[in-house]
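Here the structure is laid out as structure tokens; the discussion comes afterwards.
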Amino acid sequence: MASAGLQCFAFILALLGIFGDITATLLPNWKINADVGSNIITAITQMQGLWMDCTWYSTGMFSCTLKYSVLSLPVYIQAARSTMVLSCILAAFGICITTVGMKCTKFGGDTDSKSHTCFAGGICFILSGIFGLVPTSWYTREIISNFLDTTIPESSKHEPGGAVYIGFISAGFLLIAGVIFCTSCFKKQQGPWIYPAKQQHFPSTQQESNTGYNLKDYV
């Protein structure tokens with residue numbers, strides 16, 4: 001099994017990943033439209049997220065509008081909502097499971113039980129990273145394709161916001177943590193296959209003495 005220090009490092013990465021995942025899910029700046037007008041009253045920044053759209057005015061005012069209607073949203077936003085929430089749930093399960101299975105903890109059973117528990121937590125982290133990577137990639141693709149579309153006016157084009165980058169980094173942290181936990185369990189389980197138990201061989205003279213007749217039986 002991997003050292004306790006390596007598992008602690010993976011656990012810290014998983015904590016950073018789940019905090020970043022939750023932050024990216026709730027932030028309203030998945031895409032940003034910066035439009036500076038001639039009038040000081042006009043809005044200078046418009047942000048759109050998964051759950052709300054916000055506007056930041058040059059006067060310092062900040063207003064947000066929630067997206068109540070789910071069916072009116074584009075498909076990629078609906079998919080991003082569900083997958084990001086699922087990513088947060090899987091990461092939370094992974095935190096709870098690996099807390100029990102880590103080598104530095106005092107509970108969780110024997111070494112084999114802890115190894116299997118760490119493997120289950122690593123799988124949760126890997127799935128969480130995948131579910132977090134898919135919506136951020138799809139969302140970024142939609143932003144870039146709309147930005148390069150010549151039929152869309154300049155005022156309606158957007159750029160990726162900070163929440164997208166946080167989502168990418170968080171997914172990477174979760175994937176790395178999951179690989180570390182799964183690799184530690186894999187090495188432990190593969191030990192008997194790599195180093196099979198040696199079979200005991202008795203000397204041939206001892207076997208012959210046990211199966212044959214002794215000379216004193218003929219006297």
Side-chain angles (χ1 to χ4, degrees), residues 9-10 12-37 42-58 62-95 122-182:
F9 173 71
I12 293 174
L13 288 181
L15 286 178
L16 294 176
I18 186 174
F19 288 145
D21 225 7
I22 296 173
T23 303
T25 304
L26 298 178
L27 281 178
N29 58 341
W30 278 67
K31 57 182 179 180
I32 299 176
N33 179 24
D35 186 13
V36 180
T42 59
I44 60 173
T45 303
Q46 294 179 349
M47 299 178 292
Q48 297 183 17
L50 302 180
W51 312 96
M52 64 182 68
D53 297 337
C54 296
T55 304
W56 186 14
Y57 296 92
S58 59
F62 194 81
S63 63
C64 295
T65 303
L66 294 175
K67 297 179 178 180
Y68 293 103
S69 179
V70 179
L71 299 179
S72 62
L73 297 175
V75 178
Y76 68 95
I77 296 181
Q78 298 180 20
R81 277 185 173 186
S82 57
T83 50
M84 289 300 292
V85 171
L86 186 58
S87 176
C88 296
I89 294 174
L90 287 173
F93 277 127
I95 292 292
I123 292 297
C124 289
F125 288 142
I126 292 176
L127 292 177
S128 176
I130 293 174
F131 280 118
L133 189 62
V134 169
T136 50
S137 301
W138 191 0
Y139 206 101
T140 304
R141 178 184 175 277
E142 293 293 332
I143 294 175
I144 295 175
S145 60
N146 290 334
F147 187 84
L148 299 178
D149 192 356
T150 56
T151 60
I152 298 177
E154 294 291 335
S155 59
S156 300
K157 293 183 179 181
H158 299 83
E159 297 179 355
V164 175
Y165 299 108
I166 295 176
F168 275 118
I169 297 174
S170 302
F173 284 163
L174 291 171
L175 288 174
I176 294 173
V179 169
I180 291 176
F181 279 114
C182 290

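Residue indices begin at 1 and follow the sequence shown.
With sequence neighbours left out, the side-chain contact (heavy atoms from CB on, under 4.5 Å) criterion links A177 to A10, L13, A14, F125. Every disulfide (SG to SG under 2.5 Å) that C54 has, sequence neighbours left out, goes to C64. Partners of L26 by side-chain contact (heavy atoms from CB on, under 4.5 Å), not counting sequence neighbours, listed by chain and number: I22. Legend: residues meeting side-chain contact (heavy atoms from CB on, under 4.5 Å) with Y165, ordered by chain and number and at least two apart, are P160. Applying the side-chain hydrogen bond (donor to acceptor under 3.5 Å, both in side chains) criterion to W51, with sequence neighbours excluded, gives no partner residue. With sequence neighbours excluded, no residue satisfies side-chain contact (heavy atoms from CB on, under 4.5 Å) with L71.
Ring planes of W138 and Y76: tilted class, angle from 30 to 60°.
Using a distance-only test at 3.5 Å, with no hydrogens or angles considered, a donor-acceptor pair links the side chain of S145 to the main chain of E142. For K157 (side chain) and F147 (main-chain N/O), a donor-acceptor pair under 3.5 Å exists by modelled atom type.
T25 approaches L50 most closely through the heavy-atom pair O-CD1, 4.2 Å. Scanning all heavy atoms of the two residues, the minimum distance from G129 to A171 falls at O-CB, 3.5 Å. Closest approach of Q78 to V70, counting heavy atoms only: NE2-O, 2.9 Å.
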Intermediate values then yes/no, side-chain contact (heavy atoms from CB on, under 4.5 Å), T140 and F168
CA-CA 10 Å; T140 304; F168 275 118; 3.6 Å; yes
